[in-house]
Every structure is written in C-alpha cells, then in structure tokens.
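Scroll down for the structure; my scribbles are underneath it.
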Number of protein chains: 2
Amino acid sequence: MGTEDRKQRERQAREQLFIDKAHELIRTDGLLALQMSKLASACEYATGTLYQHFASKEDLLAAVATRTTIQHAERFRRLPELPLGTRSQMLAIVLTDLDFAAANPDHYRLMQYLLTEAVWAQISQERREALLTAAQPISDAVSGVVERAREKGDLPVAREISAEEMGLGPWALNQGMQSLANARGLLEAYDIGQPLDHLLRHFHALMTGWRWEPRVDPDEPSVVRAESERVRAVLQEAFQ
Amino acid sequence: MGTEDRKQRERQAREQLFIDKAHELIRTDGLLALQMSKLASACEYATGTLYQHFASKEDLLAAVATRTTIQHAERFRRLPELPLGTRSQMLAIVLTDLDFAAANPDHYRLMQYLLTEAVWAQISQERREALLTAAQPISDAVSGVVERAREKGDLPVAREISAEEMGLGPWALNQGMQSLANARGLLEAYDIGQPLDHLLRHFHALMTGWRWEPRVDPDEPSVVRAESERVRAVLQEAFQ
DNA sequence: AACAATCCATGAATTCGGTTCACAAACCGT
DNA sequence: ACGGTTTGTGAACCGAATTCATGGATTGTT
C-alpha cells in the first residue's frame, strides 16, 4: 500500500524534525531550558503531537542522544582498516571520543543526565534499548581492538578477563574524566587544568600497565603528544 | 547573648533534622520520590520552613551530599599513619571509596545527579563551595600519598604533572567505573559482570604503568585479590 | 505587667511545565 | 457525497516546587 508507506515516511520525517530541533534548542539554550511546548511550537506542531512520538520528555532526550550516538559510532566502523598498530588503534578510539566530546559538549552531559537512575527509569524500554544498541559499535570497536591485539601478541592474555572487560578500563577512565571535566568548578577547585591532556597520559599508563606493546612512556609529555599527533594525522588522512 | 546562641543551635539542629530525614527518605524511597512537602510533614514542620534553610530542592540535596561527604572524608584523615607502603595506601583509598559506595549506593547517584550541569546551576554558590570543601580531604589524601611516594622514591617524578594531576587518574577511573556500574542495564548489555572487581585490576595496571613500586601485576587476579585482602585487613584493624 | 515591634512558622495559593484528552479536522474506502 | 476512522490540536489538567499574606510567638521597652 503506497499511501501507507508515504505516511510512514512523513511520520519518520516529523520525528526527525523534532529530534533535530530539540538538539538545536539544547545546543543554543541548554538542556535546562528545553520545554516541550516551546519545542512543539518551534516545529509548528501542537504539544500533543510530540507525545505521539515520545512517551515523555526523557524519552525525547534519549532519542536525541541516540541520534548523536549513531553518528558518533559511525566513526568507529572503519577503524580496523587504519594503518596503525593495535595500541595506537586503541588510542585512536580515545582520541576520536575526545574530539567528539569537544565538538559536542552537550552530548556527554546529556548522557550523564540520562544514565542517572532517576532519569533512566523514565525512559521507555524501547528507547533505552535503542540507545544501548546505538552505542554497541563503539563497544565492539574496543573489544575488537583488544582481540586483535591479543591475537597478534601485542597484549598478553591476562587470566579471567574478557576482551570487553579489558576495554572497560579505558572506557571508565574516559567516562570518568569527562564527568569530572564537565562538573564546572570541580577540578578548578583542586588546581587541575587541562584534564583531557592528562587523560591521555593516564591512558598510556594504563595500557603500559597491561603490557600492551609497543609501549609509550606516560612520563614524557612530549612522547605522549607526538604519538597523539601521529595517530591524529592518520585519522585525518583516513576520514577525509 | 545566650538566647541568640540557643536559637542558633536550635536552627542548626532543625537543619540537621531536615538533612537526616531527607537522607533517610532517599534511602528508603529513592531520589525520585523525595518531595519537599512530604519531607516537611515527615519532620512535623510546614513546607515553607524548609525554604528558610534551603534555597531549593537541589540545595537541600547538595546539603545531604555534603553531609555524607564529610563523613566519608573523615575516613581519609588517618590514612598516612597506616602501616602500608605508598602504593598500598593508594589502593586503600580506592578500597575505602569502593566500600563506601557499596554501603551508600545512593551517594554516588546523588553526586552524579548534582554534578550534572543543569542541576549544579540550581545550587547556591555557598552550598556548592561547601560540597567542594567537604571533598577536599579526599583530594588531599590522594595528593598526599602521591607526594610521599615521590619523596620515598616509590614513584618516579614524571615531568609536567603535579601530585593532584597524578591523582586524577585513579580518581577518574574510579568515578567512571561507578557511573558505568550505576547505569542499570548498561554493562549487562555488553556482558560485563563484576565491574568493581575489574576496577581494581585496571587500577593496578594504571599504577604499574606509572612505575609505582612495589608493583602488583594486574594479570593475575589472585595476586590482585590477595593484595586487596591484605590492605582491607589493615584498614579493618586500624578503624576498629 | 502591658504594650509595641519584630521575627518567623505556617500552609494555602501561586506558578510552572509536563502530560492528557475531548474535540475537530483530515483522510479513507465505498 | 458520505459514514467511519485515524490523527492533530491546544486548552485543561495535574503534580510538585516555590512563594507569601497571615497570625502567633518572642523580644525589648516603659
């Protein structure tokens, strides 16, 4: 039935419009200022129409986060092809994430908000799964690099730890640093600047601690910086 | 003026009552369920009275978090006296934090919520500072251990990184793992269990990567477990 | 002790914004 | 063209945070 298809497409397009506009409004006015009625009228629809697409405001926010996550995840798909050793590929993941966070400062904040238990509970099962699924390629990329590193002998296979659990280390380090960096005033209060530069050094310490070869010494900032530059150049090259 | 003093004390006591009761209500019914009017009547006061103490609900929550943080911070004060090497003292910090998080599952969630930009903005300057100040001893404990380790030669002094910035690594790792562990369904979706056990292994990898002596090999779970047991025993001994 | 002035607890009223729903318009097949 | 159904509308609803006019308690004064 052709008409059915068209309606489905139109519905889809409208949902996209809502999500894009919401993202835009969040970018300009902040998460706090987003109001369902304002969003609706900005899209030239009635408030009720929003609720034909999203079960709640949190649900809408989850949809926004999902969309952004899908775009983000896209960058990881071609990672294994890069002309980089496994350890540098892992660094490439962290750098990609870092750059993405810098370009989308709201995204981490939004994710942090959504993953708060109180908020998470307000999101429909369906959207929660969609969000997790969207993030899957990122997790897969991490596990994939770990597996390849183990196969190639770059990374000793430690007992009782899966590739996913290995990847949890850099993931948590990254996540934690983003949270801390985003909490306005927190790190400043402790005289800590440039948290994200330090993230890279701690990342190398972590990798070296697991004996992931070839080692990069976290002690020497210039070495760490040079390796980041090298990997960034490869990423730049590969992705236009 | 004695009467003034008494009134101050009573006011203080009432504020404490509000904070304690709020903490209790959060423990039993969850953060989501906390209502200002319910809290007020649970304390046998009118709603408006709450607002003589707290500028907003977020302000109240910050006060709850501050109180808990002060209790938590207390545990770090006597840390330098412990009969442990510097690296084990650092582990002691992580373990203390871990145990505290296990005993106060709401605290991390509450902190995560409060540090969300949207929420943070709702808290009065005063309370924000109080919360940061309350956490200061923890940060001091971390920096202190790093400094002592450097002095004793357990930890090489890396270039361009302060003691605070060194401590940022384990802090971020810890924080990130807590966030991930708290996001219901997130780690399960990626087949990761026991995230906090893995935290300890990654912690040792990080420390070893910075060449903090004496090394503990993250590869061997039994070694990691044994070291945790040893340090836990010392903590147990010291703090009754 | 009586009185005025001040303070401050009270809880009903206000406000705000997310969510619902009765109605109407648009759409569909006959 | 017409009945039936689906979909969009936005005013009304509702819950919960916050405010504020009120009155009772407390303090200071004569």
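In this text, all values refer to a predicted model and were calculated from it rather than measured experimentally. The sequence lines fix the lettering, A, B, ..., with proteins before strands; numbering per chain opens at 1.
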Between [options], spot the one nearest the side chain of [X], thanks.
X: A:Ser56; options: C:dT19, D:dT27, D:dT7; answer: C:dT19
X: A:Met36; options: C:dA9, D:dT18, C:dT19; answer: C:dT19
X: B:Tyr45; options: C:dT10, D:dT7, D:dG10; answer: C:dT10
X: B:Ala46; options: C:dT10, C:dT19, C:dG17; answer: C:dT10
X: B:Thr49; options: C:dC28, D:dA17, C:dA9; answer: C:dA9
X: A:Tyr51; options: D:dT18, D:dT9, C:dG18; answer: C:dG18
X: A:Lys57; options: C:dT10, C:dG18, D:dT7; answer: C:dG18

By the 4.0 Å heavy-atom rule, please label B:Leu34 as base, sugar-phosphate, or nothing. sugar-phosphate
Nucleotide [N], atom [atom2] - distance to [atom1] of [X] in whole Å:
X: B:Gln8; N: C:dC7; atom1: CD; atom2: C1'; value: 13 Å
X: B:Glu10; N: C:dC7; atom1: CD; atom2: P; value: 18 Å
X: A:Glu44; N: D:dG8; atom1: CD; atom2: C1'; value: 14 Å
X: B:Leu32; N: D:dG15; atom1: CG; atom2: C1'; value: 13 Å
X: B:Leu50; N: D:dC20; atom1: CG; atom2: P; value: 17 Å
X: A:His53; N: D:dT9; atom1: NE2; atom2: C1'; value: 13 Å
X: B:Leu39; N: D:dA17; atom1: CG; atom2: P; value: 10 Å
X: A:Gln52; N: C:dT20; atom1: CD; atom2: P; value: 12 Å

Check the phosphate of [N] against [X], side-chain N and O only, distance under 4.0 Å to OP1 or OP2. Yes or no?
X: B:Lys7; N: C:dC8; answer: yes
X: A:Arg14; N: D:dT7; answer: no
X: A:Arg11; N: D:dT7; answer: no

Do [X] and [Y] have side-chain atoms, one donor and one acceptor, less than 3.5 Å apart?
X: B:Asp97; Y: B:His72; value: yes
X: B:Arg14; Y: B:His53; value: yes
X: B:Gln125; Y: B:Glu129; value: yes

Indicate, with yes or no, if the rings of B:Phe100 and B:Tyr108 have centres closer together than 6.0 Å. no
With sequence neighbours left out, the residues meeting side-chain hydrogen bond (donor to acceptor under 3.5 Å, both in side chains) with B:Glu126 are none
